[in-house]
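Quick notes on the structure that follows.
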Amino acid sequence: MLELNGIVRVFEQAGTRLEILRGAAMAVRPGELVGLVGPSGAGKSTLLHIAGLLERPGGGSVRIGGVEASGLDDGKRTELRRRAIGFVYQFHHLLPEFSALENIVLPQMVAGVAKPKAAERARSLLAAVGLEKRADHRPARLSGGEQQRVAIARALANQPGLLIADEPTGNLDPHTADDVFAMLTDLVRRSRVAALIATHNHELAGRMDRVLELRDGLLHPRG
Ligand SMILES: Nc1ncnc2c1ncn2[C@@H]1O[C@H](COP(=O)(O)OP(=O)(O)OP(=O)(O)O)[C@@H](O)[C@H]1O
């Protein structure tokens with residue numbers, strides 16, 4: 001579902017060249033959970049931005065569902081990103097003035113799904129993350145773990161083939177992180193999404209199918 005080859009990214013800072021990615025390569029299959037670890041500043045977020053078509057690499061190939069993204073113009077890249085990729089971040093980024101249900105309905109309506117169908121899917125996703133009774137709550141009335149569950153349901157609203165998550169449980173206490181992570185992995189496996197998840201939590205990383213370590217600009221299999 002996701003294939004990266006020879007990914008290069010160089011930043012220029014005050015006259016210094018920072019070679020953050022120097023030919024990183026990886027692939028994630030449908031239903032597979034791949035963990036991404038590495039020291040702070042190694043370039044994990046940069047790699048996720050490139051894999052998520054939010055940033056263009058300085059070199060290399062990004063294929064999403066067999067489509068080579070490098071040759072696409074910005075409009076086509078946005079279209080591919082909206083159709084094929086769901087994102088979860090450390091902070092939920094839910095819209096505060098909308099309910100949990102509406103937060104999951106809206107991205108579907110943007111993608112052209114009619115409201116009744118979008119609401120039906122949103123309800124089933126809320127049930128899948130154990131929040132069917134919280135459908136009408138605004139984010140401020142949900143706990144941190146519940147907010148993150150809604151964010152995960154929202155990321156899966158348009159049935160993406162690829163889920164990209166950057167520290168999805170990084171803002172939660174250890175017990176809640178554990179619960180949310182278990183729910184995320186279960187949902188990913190059941191919906192056959194390919195998932196690439198960056199985390200500093202080595203215990204959670206160890207529960208994924210594979211772990212890749214980003215070091216010196218390259219990806220190394222771990223374990
Ligand atoms: N737009 C930019 N311009 C210049 N340097 C950048 C830019 N974006 C990232 N960097 C640098 O690239 C390096 C990698 O950053 P990145 O956020 O990808 O690391 P990370 O592995 O996700 O770190 P952390 O685990 O701390 O979140 C850092 O040294 C950062 O300062």
Side-chain angles (χ1 to χ4, degrees), residues 1-28 32-64 69-70 72-74 77-78 81 84-94 144-145 147-148 151-152 155 160 162-174 176-178 180-181 184-185 188 193-223:
M1 187 62 211
L2 167 68
E3 275 180 77
L4 301 179
N5 273 301
I7 299 297
V8 173
R9 186 73 166 107
V10 178
F11 293 115
E12 304 275 347
Q13 251 181 7
T16 316
R17 268 171 66 84
L18 284 175
E19 291 188 319
I20 297 301
L21 300 171
R22 302 188 300 122
M26 66 171 306
V28 191
E32 192 182 28
L33 273 147
V34 175
L36 177 63
V37 299
S40 186
K44 299 181 297 296
S45 297
T46 304
L47 186 80
L48 294 185
H49 285 159
I50 290 170
L53 307 182
L54 294 164
E55 212 177 292
R56 285 182 189 270
S61 146
V62 180
R63 291 177 81 84
I64 310 279
S70 321
L72 302 178
D73 63 26
D74 288 350
R77 280 167 66 88
T78 302
R81 182 170 67 241
I85 311 176
F87 294 90
V88 180
Y89 300 97
Q90 181 172 357
F91 299 99
H92 59 76
H93 299 296
L94 296 171
Q147 290 168 345
Q148 208 55 351
I152 291 165
L162 174 64
L163 181 76
I164 291 181
D166 198 351
E167 294 284 351
T169 60
N171 192 37
L172 305 174
D173 67 72
T176 309
D178 218 68
V180 170
F181 187 79
L184 172 64
T185 53
V188 163
V193 182
L196 178 60
I197 304 178
T199 179
H200 280 113
N201 186 325
H202 287 253
E203 200 267 312
L204 294 185
R207 289 198 233 154
M208 299 192 216
D209 299 320
R210 275 189 298 133
V211 180
L212 298 172
E213 183 173 2
L214 183 56
R215 198 170 5 97
D216 302 326
L218 295 171
L219 287 164
H220 308 268
R222 243 204 28 188

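Note that ligands are numbered from 1 as they come in the structure, with each ligand's atoms numbered from 1 the same way.
Among Leu48, Val10, Thr16, Ile20, the residue whose heavy atom lies closest to atom 13 (C) of ligand 1 is Ile20. Taking only non-hydrogen atoms, the option from Glu19, Gln13, Lys44, Glu167 nearest to atom 31 (O) of ligand 1 is Gln13.
For the pair Val34/Met26, a side-chain contact is recorded, criterion being any heavy-atom separation below 4.5 Å from C-beta on. Side-chain contact between Phe11 and Thr46: present, with at least one pair of heavy atoms (C-beta onward) separated by less than 4.5 Å. Gln148 places none of its side-chain heavy atoms less than 4.5 Å from the side chain of Gln90.
Annotation: atom 26 (O) of ligand 1 to nearest protein heavy atom, Ser40 OG, 2.5 Å. Of the protein's non-hydrogen atoms, the one nearest atom 8 (N) of ligand 1 is Phe11 CZ, 3.4 Å. The nearest protein atom to atom 16 (P) of ligand 1, hydrogens excluded, is given as Thr46 OG1, 3.7 Å; this is a heavy-atom distance. In terms of protein heavy atoms, atom 14 (C) of ligand 1 is closest to Gly41 O, 3.2 Å. If you check which protein heavy atom lies closest to atom 27 (O) of ligand 1, you get Ser45 OG, 4.1 Å. Annotation: atom 19 (O) of ligand 1 to nearest protein heavy atom, Gly43 N, 3.2 Å.
Residue contacts with ligand 1: Pro39 is included, with a non-hydrogen atom under 4.0 Å away.
Between the side chains of Ser61 and Asn5, not a single donor N or O lies within less than 3.5 Å of an accepting N or O. For the 3.5 Å distance criterion, the side chains of Arg9 and His49 fail to qualify, holding no donor opposite an acceptor.
Under the 4.0 angstrom criterion, atom 2 (C) of ligand 1 counts as having a protein heavy-atom contact.
Considering backbone and side-chain N/O atoms, Ala42 comes within less than 3.5 Å of an N/O atom of ligand 1.
Between the CG atom of Leu2 and the CG atom of Leu4 there is a distance of 4.5 Å, given to the nearest 0.5 Å.
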Next item on the list: In sequence, state the C-alpha distance, the side-chain angles, and the governing distance for Met1 and Arg63, and then conclude on side-chain contact (heavy atoms from CB on, under 4.5 Å).
Entry: CA-CA 8 Å; Met1 187 62 211; Arg63 291 177 81 84; over 6 Å; no
Item checked: Derivation and outcome, side-chain contact (heavy atoms from CB on, under 4.5 Å), residues Val211 and Leu36 -> CA-CA 6 Å; Val211 180; Leu36 177 63; over 6 Å; no
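Counting heavy atoms under 4.0 Å from ligand 1, residue His200 touches it through the side chain alone.
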